[in-house]
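Before any comments, here is the structure.
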Amino acid sequence: DISESTHTTMKELIKYHVPTNEKEQIAIPKEVEHSTLMAFDDEKIYVADNSSELMRIIPYHFKDEVVLDGWEIDVQQPEDPAWVNTATVKNNTIYYLHDVYDGIHLPTVVAIDLEKEHLHYYGEIAVNKEAFNSEEVYFEELFVQ
């Protein structure tokens, strides 16, 4: 659901185990219902708080139904609240290719460590445009190995 205030709303979340077809509905508390799902593990989901100017992550321990203290990183929140849908999660780190910043195309990589709750890496991708025979180079996807 996208409301007129450009915030997303989580209505329901279902945990699904593919090999057994087992489903479990996860309760969404009011504190995180206007956030966007970022990542999850066996015990927690991580959501992005869309109302913050900076990137703010809130962990929710769904087994105990407890919203844990959120934390901010010193990176501007992307304009589109669905930015987390293009993020890649690997080894408890979220990697995000932030391709537009203040209306300017700057391919910036953001890596957020979920366990240590801090910004692991923030930097711009530099490209030798002569190697591409083009003045304009755009990045659309980030692959993490």
Side-chain angles (χ1 to χ4, degrees), residues 1-129 132 136-145:
D1 248 358
I2 304 284
S3 67
E4 288 183 26
S5 65
T6 70
H7 296 294
T8 60
T9 302
M10 285 192 290
K11 296 274 187 201
E12 65 179 3
L13 191 59
I14 298 173
K15 181 180 173 183
Y16 182 73
H17 189 255
V18 175
T20 63
N21 292 329
E22 195 176 322
K23 296 178 191 175
E24 176 187 344
Q25 185 150 357
I26 296 173
I28 305 296
K30 290 239 180 258
E31 298 96 322
V32 298
E33 73 178 10
H34 292 290
S35 302
T36 305
L37 177 66
M38 296 179 74
F40 59 90
D41 58 28
D42 290 336
E43 299 177 346
K44 291 180 261 185
I45 63 170
Y46 298 89
V47 297
D49 179 357
N50 297 319
S51 64
S52 177
E53 284 188 28
L54 297 176
M55 286 186 177
R56 179 172 166 72
I57 289 91
I58 303 171
Y60 170 52
H61 196 283
F62 61 85
K63 289 193 177 203
D64 296 335
E65 296 187 4
V66 174
V67 177
L68 303 171
D69 290 336
W71 43 277
E72 279 186 343
I73 57 172
D74 194 20
V75 175
Q76 192 71 32
Q77 176 88 263
E79 294 171 10
D80 183 2
W83 69 269
V84 296
N85 297 330
T86 61
T88 300
V89 180
K90 189 165 186 173
N91 299 328
N92 289 317
T93 301
I94 293 179
Y95 299 90
Y96 172 66
L97 177 63
H98 193 14
D99 61 348
V100 178
Y101 185 77
D102 284 342
I104 300 169
H105 284 273
L106 294 176
T108 305
V109 175
V110 179
I112 304 165
D113 188 319
L114 294 174
E115 284 184 346
K116 295 180 181 171
E117 300 182 353
H118 77 278
L119 179 64
H120 183 68
Y121 178 80
Y122 178 78
E124 188 175 325
I125 298 173
V127 175
N128 179 353
K129 293 182 181 177
F132 288 97
E136 296 189 22
V137 177
Y138 296 98
F139 293 89
E140 293 183 8
E141 255 182 287
L142 177 67
F143 294 98
V144 180
Q145 294 185 350

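Note that the structure is predicted; figures quoted are calculated from it, not measured.
Applying the 6.0 Å contact sphere to CG of Asp64 captures more than 12 heavy atoms from other residues, nucleotides or ligands. Atom NE2 of His61 is surrounded by more than 12 heavy atoms from other residues, nucleotides or ligands within 6.0 Å.
Here the closest heavy-atom approach between residue Lys44 and residue Phe62 is recorded as N-CE2, 3.6 Å. Of all the heavy atoms in Asn50 and His34, the pair that sits closest is ND2-O, 3.2 Å. When all heavy atoms are compared, the tightest approach of Tyr60 to Ala27 is OH-O, 3.0 Å. Pairing each heavy atom of Ala48 with each of Ser35, the nearest pair is O-CB, 3.1 Å. Shortest non-hydrogen contact noted between His118 and Ile73 is C-CG2, 4.1 Å. Minimum heavy-atom separation, Pro59 to Gly70: CD-CA, 4.2 Å.
Here Glu31 contributes atom CD and Asp49 contributes atom CG; the two are 11.5 Å apart, rounded to the nearest 0.5 Å. A distance of 5.0 Å separates CD1 of Ile45 from CG of Leu13, quoted to the nearest 0.5 Å. To the nearest 0.5 Å, atom NZ of residue Lys15 and atom NZ of residue Lys63 are 4.5 Å apart. Note that CH2 of Trp71 is 11.0 Å distant from CD1 of Ile58, once rounded to the nearest 0.5 Å. Within the model, atoms CD1 of Ile94 and CG of Leu119 stand 11.5 Å from one another, a figure rounded to the nearest 0.5 Å. Rounding to the nearest 0.5 angstrom, the gap separating the CD atom in Glu53 from the CD atom in Glu72 is 9.0 Å.
Contact annotation: the side chain of Val110 approaches that of Met55 to within less than 4.5 Å [non-hydrogen atoms, C-beta and beyond].
The backbone N or O of Tyr16 lies less than 3.5 Å from no partner atom in the side chain of Glu22, so there is not a single donor-acceptor pair.
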